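One structure is given here, and the rest of the page talks about it.
Sequence positions, counted from 1, serve as the residue numbers for this chain. These figures come from a predicted structure and were not determined experimentally.
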Amino acid sequence: MNDQRNAPLYAALENFRKKRIVPFDVPGHKRGRGNPELVQLLGEKCVGLDVNSMKPLDDLCHPSSVIREAEDLAAAAFGAAHSFFMVGGTTSSVQNMIFSVCKEGDKIIMPRNVHKSAINALVMCGAIPVYVNPEVDKRLGISLGMEPKKLLQAVEDNPDAVAVLVNNPTYYGICSDLKSIVKIAHEYGMKVLVDEAHGTHFSFNDDLPVSGMAAGADMSAVSMHKSGGSLTQSSILLLNKSMNADHVRQIINLTQTTSASYLLMASLDISRRNLALNGKNSFAKVMQMASYAREEINDIGDYYAYGRELINGTSVYDFDVTKLAVYTRDLGLAGIEVYDILRDEYDIQIEFGDISNMLAYISIGDRLQDIERLVGALDDIKRLFKRDKAGMLSAEYVNPKVAVPPRKAFYSEKISLPLRAAEGKICTEFVMCYPPGIPILAPGELITKEIIEYILYAKSKGCSMQGTEDFEVERLNVLK
């Protein structure tokens, strides 16, 4: 059955709640009775539904009833052959895509501006990345999409590669020519994996860029908790009919918890129903709000809220107009500085700021008055904080030089050096600003003077740096 009005897992939880079953199982808080502060924080109903797997509620590791029904409804809603509910975030979904098609020594073609979860997966499984380095917009400093002609060259040079991974879209809203990428990869017998962490909504409105499943990709990882409205840490892994779903389930069960949160899974079930029934209209409103915000922000001057005018048919094939990405460097302010001012002075929390840009995430939960407040705050910031932009760095992304496979570098003997002393060495760990979580350096990459200057500059501007063993990011681990 494909009645998108149903939410079978949520309904089973509601039935369970009404039965007042005496718990002699985990979790040990026993519906909150053992932890009153937790009840006070989350509410009696929420804590009462934090339960363990049992026959009436199915089991995520081997679903055969209500979870399976909920996953089938999600697959239908997204136009997929099968879906898996994931409770480890889209990090888990991305990694399980890679684990499902790659083993140690296999090559996988991908852009270097992937989320850290993808390169983490290579460290764990031993696959070898073949990077298709994206073009960089010289003004905005952001990396663009994967170009089909560059992918074709990569697959011709590496016909033994097993898969291609592509972002759809990037954090900044840039989309690649996904249908052409799928066609090229499939002609060479390679699977196509789509990191759709920021593209959940693509499946629910025809005025948005094409989704991974609609483009014919083999697997797609969607962050329901980002634009889909579910609870943080909940995600869905989508499969096309080209994949063996039972094998993928085995792969997922290597790493996914055996104590899956029913709160997270129920939020996926409810949110899928909401998107299937109301997504078209909801995302039409989101697009209208984001477009209005772009116009108002650009009218202020010195900001540049970019959109579909970036489309060039190659490195920017399409643009996700729900993304409110704003270039700030003409004010003499880094994006992270605007981010900090908005939070500290105006009580406005945006998604992230980096060296040249900031991103405000517009979704189904926003209101027009919230947009007005953001626009007013940005107008104020220009008036009060604008300064000379001389001496500012521009690039958000520095193309790395890969010297050693990630897994080999990560597990090799290493020494710790001060940042500047590490120039010319091979890095054995990650360095990144988070968000967006795109590594500045990954294991196996050459540490150049340009990258060191970028790290120091990002730190000075207040970017949240992470990934290194040294908590202060003053030293780097390098190959011994």
Side-chain angles (χ1 to χ4, degrees), residues 91 94-95 98-99 102-136 141 143 146 150 153-154 157-158 160-163 165 167 354-355 393 395-434 436-460 463-480:
T91 287
V94 168
Q95 291 177 346
I98 293 173
F99 297 157
C102 294
K103 61 182 184 300
E104 187 167 6
D106 283 345
K107 292 180 183 176
I108 178 170
I109 298 170
M110 61 173 67
R112 175 53 178 73
N113 61 321
V114 290
H115 186 263
K116 68 173 183 176
S117 58
I119 303 178
N120 283 344
L122 306 186
V123 170
M124 289 187 278
C125 76
I128 310 297
V130 175
Y131 291 127
V132 179
N133 282 325
E135 294 293 322
V136 175
S143 51
M146 180 185 282
K150 288 189 175 182
Q153 186 64 56
D157 292 344
N158 300 273
D160 54 339
V162 299
L165 174 70
N167 300 314
D354 45 38
I355 302 303
L393 283 187
E396 298 293 355
Y397 174 76
V398 180
N399 278 328
K401 298 176 182 177
V402 181
V404 177
R407 181 183 179 89
K408 182 177 179 181
F410 188 83
Y411 288 111
S412 293
E413 285 193 52
K414 59 202 74 173
I415 58 174
S416 175
L417 293 177
L419 263 176
R420 291 199 181 278
E423 183 180 344
K425 304 292 185 181
I426 306 301
C427 191
T428 65
E429 58 187 351
F430 291 92
V431 186
M432 72 199 81
C433 300
Y434 195 88
I438 300 166
I440 302 166
L441 275 171
E445 294 176 355
L446 181 68
I447 303 166
T448 63
K449 183 177 181 180
E450 183 184 15
I451 286 173
I452 291 170
E453 295 297 336
Y454 181 95
I455 292 169
L456 292 170
Y457 184 81
K459 285 181 63 179
S460 73
C463 289
S464 175
M465 308 293 292
Q466 59 177 253
T468 53
E469 187 175 309
D470 173 26
F471 195 78
E472 302 300 326
V473 197
E474 294 175 350
R475 303 178 69 87
L476 289 178
N477 286 343
V478 302
L479 285 182
K480 190 171 180 179

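Counting all heavy atoms, side chain and backbone alike, Ala118 lies closest to Leu165 at CB-CD2, 3.7 Å.
For the atom pair OH (Tyr454) and CG (Leu393), the distance works out to 8.5 Å, reported to the nearest 0.5 Å. Of the inter-residue distances, the one linking Leu476 atom CG with Asp470 atom CG reads 8.0 Å to the nearest 0.5 angstrom. In this structure, the separation between CG on Leu441 and CD1 on Ile119 is 10.0 Å, given to the nearest 0.5 Å. Here the CZ atom belonging to Phe99 is positioned 6.0 Å from the SG atom belonging to Cys125, to the nearest 0.5 angstrom. The CG atom of Asp106 sits 9.0 Å away from atom CD1 of Ile128, with the distance rounded to the nearest 0.5 Å. Put simply, CG on Leu122 and CD on Gln95 are 9.5 Å apart, with the number rounded to the nearest 0.5 Å.
Taking a cutoff of 4.0 Å between a charged side-chain nitrogen and a carboxylate oxygen, Arg420 and Glu474 do not qualify as a salt bridge. With salt bridges taken as basic N to acidic carboxylate O contacts below 4.0 Å, none links Glu429 and Lys414. One finds no salt bridge joining Lys401 and Glu450 here, because no Lys/Arg side-chain nitrogen approaches an Asp/Glu carboxylate oxygen to under 4.0 Å.
Within the 3.5 Å criterion, the main-chain N or O of Ala154 finds no donor-acceptor partner in the side chain of Asp157. A donor-acceptor pair under 3.5 Å is formed between the side chain of Lys459 and the backbone N or O of Val473. Asn158 places no side-chain N or O within 3.5 Å of a backbone atom of Ile109 that could act as its donor or acceptor partner. A distance-only check finds no donor-acceptor pair linking the side chain of Glu445 to the backbone of Cys427 [under 3.5 Å].
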Yes or no on side chain to side chain contact (heavy atoms under 4.5 Å, CB included) for Leu419 and Ile455, after CA distance, side-chain angles and deciding distance? CA-CA 9 Å; Leu419 263 176; Ile455 292 169; 4.1 Å; yes
Could you walk me through whether Thr91 and His115 pass the side chain to side chain contact (heavy atoms under 4.5 Å, CB included) test, one step at a time? CA-CA 8 Å; Thr91 287; His115 186 263; 3.9 Å; yes
Under the side chain to side chain contact (heavy atoms under 4.5 Å, CB included) criterion, do Leu446 and Ile426 qualify, and how do the steps go? CA-CA 5 Å; Leu446 181 68; Ile426 306 301; 4.0 Å; yes
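By the salt bridge (charged side-chain N to carboxylate O under 4.0 Å, His left out) test, Glu469 is found to be paired with no residue, residues two or more places apart in sequence or in another chain being considered. Taking the salt bridge (charged side-chain N to carboxylate O under 4.0 Å, His left out) definition, one finds that Lys116 meets it with nothing, sequence neighbours left out.
Using a 4.5 Å heavy-atom threshold, the side chains of Pro111 and Val132 count as separate. Considering only heavy atoms from C-beta on, Val114 stays 4.5 Å or farther from Ile438 through its side chain. Two residues are said to be in side-chain contact when any heavy atoms from C-beta on lie closer than 4.5 Å; Met465 and Ile440 meet this criterion. Residues Pro400 and Arg112 are in side-chain contact: their nearest non-hydrogen atoms beyond the backbone lie under 4.5 Å apart. The shortest distance between side-chain heavy atoms of Glu453 and Thr448 does not fall below 4.5 Å. Contact annotation: the side chain of Ile98 approaches that of Ile108 to within less than 4.5 Å [non-hydrogen atoms, C-beta and beyond].
In this structure, Lys150 places its NZ atom where more than 12 heavy-atom neighbours from other residues, nucleotides or ligands lie under 6.0 Å away.
With Ile415 as the partner, the side chain to side chain contact (heavy atoms under 4.5 Å, CB included) test is satisfied by one option alone out of Leu479, Thr428, Val478: Val478.
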Would you give me the side-chain donor-acceptor pairs under 3.5 Å for residues 405-412, sequence neighbours excluded?
{"unit_1": "Arg407", "atom_1": "NH1", "unit_2": "Val123", "atom_2": "O", "d": "3.0"}
{"unit_1": "Arg407", "atom_1": "NH1", "unit_2": "Met124", "atom_2": "O", "d": "2.5"}
{"unit_1": "Ser412", "atom_1": "OG", "unit_2": "Lys408", "atom_2": "O", "d": "2.4"}

